[in-house]
Protein chains: 2
Amino acid sequence: MPRISSAPVYTPKQVAILDGAVRVFLRSGYGGTSMDRVAAEAGVSKQTIYSHFQDKDGLFTAMMEHMTIRRFDGLFDAAHLPGEPADLMRQFAATFLHKLVDRDYIALLRLMIAESERFPELAKLYGRTVIQQGRTLVSTYFRAHPELGFADPEAIAHIFVGSMVSYVIAQEIFYGNELMPLSRDRLIDSLLALLLPPAQP
Amino acid sequence: MPRISSAPVYTPKQVAILDGAVRVFLRSGYGGTSMDRVAAEAGVSKQTIYSHFQDKDGLFTAMMEHMTIRRFDGLFDAAHLPGEPADLMRQFAATFLHKLVDRDYIALLRLMIAESERFPELAKLYGRTVIQQGRTLVSTYFRAHPELGFADPEAIAHIFVGSMVSYVIAQEIFYGNELMPLSRDRLIDSLLALLLPPAQP
DNA sequence: GTCTATAATCAGATAGAC
DNA sequence: GTCTATCTGATTATAGAC
């Protein structure tokens, strides 16, 4: 089965460099990361990095692609299970939110947004791998269940996925948990109440 | 009427510096901005900037606060109009989306997210001024209209506001407009269809 | 292939004249 | 208060030995 993006194959030393780069870039951002720091974190010399990756941009790009593909490859595979829409959608939402509310995931999202103008190809890769894949999966499911009565499955899919993404941004990045708490369960309950109103007898 | 945040008063020269800082920071980010560039853009010398603002961090903080307060002060004031919920909510959504889909607004949002870890007080200011204010306004409206039948008005308010915020992020920052077009009208139509299902006779 | 040492550049911050 | 000129440290990238 062909994938949207294919992951490059890396040698163990390259993986060590990438892992060090992940730790530093995700914590300090692009501008706040020095190649010396990456070298120290990866346990290699700086020249070794330059011999495997073209320059700082090349290392950053490789690391971000690596993370995006690794983290989301297969994320949506388990969602084709049978079952009642209410159960399936609740489980999908809970799994998706659980993946999103994660230190590394949030740092990756923040960095993708931060550098989306300087690295548009990275932003597009992320758009295809995460956002488009999620939205397409959900809208395909909605299309297969016309009894749900959605006139525009893609727009509904965006609302479903997008309110979870914005939840993470509001609560985790903009410190909403301190200012205006809102539990994941409350979000999921209200989402399902909107999408699956109780059937009329 | 007291406001959540009070805007500092700046002299004309300080405003000129801040305006130059806005242009450079929003375009190039924090790390990509040099004080020399800001000085050139503002038409003053670098030392003049340092005499008015403590250092690069201080200038950045002042500029971001300035933008946040200027841009959103009064944004939500006109939303207390009477009218049918369907009309009012459609107009609110259209106005809100129109404000959000704007070059400067998107650049500010991107920069806030990018620097939210290094400048947590800025992120909290943004959370209070934009996100919390929007969510509170909408949930207050929902509470005043119990006939809408929302069990958890705050969660519904998040879904309403959050799907618009994530729409901007997906379509404008992650190049969704090229990969998976979705017009504002389709989003608003589906949002209102979910929130305001046709009344049963 | 990998390391140590170094070159060249750049940016934040300041000194001192006017 | 504002400007020109400068200092200092950090950073990217490379040269050359092993």
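What you see below is based on every heavy atom in this structure, not just the backbone, and it leaves out hydrogens, waters and symmetry mates. Proteins get letters first, then strands, A, B, ... in listed order; numbering begins at 1 in each.
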>> So B:Lys13, base contact, sugar-phosphate only, or nothing? Heavy-atom distance under 4.0 Å.
In response: sugar-phosphate

>> From CE of A:Met35 over to P of C:dT2, roughly how many Å is that when rounded to an integer?
In response: 15 Å

>> For A:Gln14 and A:Thr11, which I'm curious about, is there any donor-acceptor pair between the side chains at under 3.5 Å?
In response: yes

>> Measure CG/B:Asp36 against P/C:dT14 and give the value in whole Å, please.
In response: 14 Å

>> Let's go through B:Tyr105 and B:Arg71 carefully: what are the C-alpha distance in whole Å and the side-chain angles of both, what is the deciding distance for side chain to side chain contact (heavy atoms under 4.5 Å, CB included) to 0.1 Å, and is it a yes or a no?
In response: CA-CA 8 Å; B:Tyr105 171 80; B:Arg71 242 192 135 60; 3.7 Å; yes

> Yes or no on side chain to side chain contact (heavy atoms under 4.5 Å, CB included) for A:Glu178 and B:Lys124, after CA distance, side-chain angles and deciding distance?
Replying inline: CA-CA 9 Å; A:Glu178 299 175 19; B:Lys124 286 178 193 170; 3.5 Å; yes

>> What is the distance, to the nearest angstrom, from the CD atom on B:Gln47 to the P atom on C:dA15?
In response: 9 Å

> Which residues, if any, of residues 48-65 of chain A bring a heavy atom under 4.0 Å of DNA chain C?
Replying inline: A:Thr48, A:His52

> Would you call the rings of A:Phe119 and A:Phe60 parallel, tilted or perpendicular, where under 30° means parallel and over 60° means perpendicular?
Replying inline: tilted

> Charged N to carboxylate O under 4.0 angstrom, B:Arg110 versus A:Glu117?
Replying inline: yes

> Considering only D:dT12, C:dA13, C:dT4, which nucleotide approaches the side chain of A:Ser45 most closely?
Replying inline: C:dT4

> Relative to A:Tyr30, does A:Lys56 satisfy both conditions: NZ or CZ under 6.0 angstrom from the six-membered ring centre, and within 45 degrees of the ring's axis?
Replying inline: yes

>> Taking any heavy-atom pair under 4.0 Å as a contact, classify A:Thr33: base, sugar-phosphate, or nothing.
In response: sugar-phosphate

